[in-house]
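A note on names: the letters A, B, ... follow the listed sequences, proteins ahead of strands, and every chain is numbered from 1.
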Amino acid sequence: MPPRRRSAVSRLRPLMRRAAIAVLFAAVGSGLWYAEEREVRDGLSWMGVPDWQRLTPLSLHRVLRNDGYLVGWSDVRVSPLWVSYRLAAVGDARIGERPGFRRDWRTLWPVTPDSYLGSGYDRGHLAPNYAIAAVHGRGAQRDTFLMSNMVPQRPSLNRRLWQRLEEVVIDRFVPRVGALQVIAGPVFASRFQQGALHRVGLVEVPVAFYKILVVPGARPRALAFVMPQAVSGDEPLDRFVVSIDRIEALTGLDFFPHLPAAAADVLEGRVETDGWGLEAVARLPGRFD
DNA sequence: TTTAATGT
């Protein structure tokens, strides 16, 4: 009796079974990755990480995970578009020495610690050294010195006005409200404004910077600022208060995308400075004056 | 008790 010839279909079956198993493993693996990634992101943001109002080539960006904060990185701008982190009241706030600036190899474009040399711009932290170190520890502090966390800032902004805001946030607001969600980032010129596409090396230079503070909870409260590059540094902080809607109009981002529309209208459309004690701290001198 | 950073 001649051996039974195996049909093409039956020969295919083991192969398909193997392929199915591989697909299953990939699905489970990426599912686990996704669940873990979402858990980390949820711990470093509130009501979802910033999203886009409309998708354009300029709005391509990816989320970089760090110890203590997240970065929305744009390979088009060669710049962070936002950072997201949480601050909580801590007792002993002594922190370690300033670590050195480091290249972030995830950015692909070579942005190195000397990329701003001789440009007249400071390497300004978006996620701040001091507050992140005080709340999240030494490893997180080191991560704030990644070049993917830097934006070109004029010295009078970085060392004076912006520094005063960072100091007020961690020293005054956090003890007052208990915990804060913070989102900060750059504002770029529109294509038609003067100074559009001004770069330091590969890095696009912003015209201004925003910082959004939210007290999470059933009745969340927000305080938001936009500060331009050109400041003297001793302006009162309350001069720069804006609504979150204003920052969304300037950046094209959608902040807190998981927040229900009715709550978003209230939180993002209004400027409500009551309860922050802003007037009392708006004119405090900076540390380096 | 020093939280910003450059240039020397």
If you assign A/Arg159 and A/Ile95 each to the DNA chain B nucleotide with the nearest heavy atom, which residue ends up on the more 5' nucleotide?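 It is A/Ile95, whose closest nucleotide lies nearer the 5' terminus.
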Earlier contact from the 5' end, DNA chain B, for A/Arg94 and A/Arg123: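 Going by which nucleotide is closer to the 5' end, it is A/Arg94.
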Check ion pair A/Arg62-A/Asp75 (N to O, under 4.0 angstrom):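 So A/Arg62 pairs with A/Asp75 through a salt bridge.
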Say whether A/Arg102 and A/Asn149, considering side chains only, have a donor N or O and an acceptor N or O under 3.5 Å apart.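 Not at all, the side chains of A/Arg102 and A/Asn149 share no donor-acceptor pair under 3.5 Å.
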Is [X] touching bases, backbone alone, or none of the nucleic acid, heavy atoms closer than 4.0 Å?
X: A/Gly124; result: sugar-phosphate
X: A/Arg160; result: nothing
X: A/Gln163; result: sugar-phosphate

Pick out which of A/Val281, A/Leu87, A/Leu223 makes a side-chain contact (heavy atoms from CB on, under 4.5 Å) with A/Val169.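 The single option meeting the side-chain contact (heavy atoms from CB on, under 4.5 Å) with A/Val169 is A/Leu87.
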At a heavy-atom distance below 4.0 Å, which nucleotide of DNA chain B is the first touched by chain A, and which is the last?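 Contact boundaries, 5' end first: B/dT2 to B/dG7.
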Can you confirm whether or not the ring centre of A/Phe209 sits under 6.0 Å from the ring centre of A/Phe240?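 Centroid distance A/Phe209-A/Phe240: not below 6.0 Å, so no.
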Please give me the minimum heavy-atom distance between A/Glu268 and A/Leu259, naming the atom from each residue.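 It is OE2-CD2, 4.2 Å.
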Can you tell me if CH2 on A/Trp52 sees more than 12 non-hydrogen neighbours from other groups inside 6.0 Å?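 Yes, because the 6.0 Å sphere around CH2 of A/Trp52 holds more than 12 heavy atoms from other groups.
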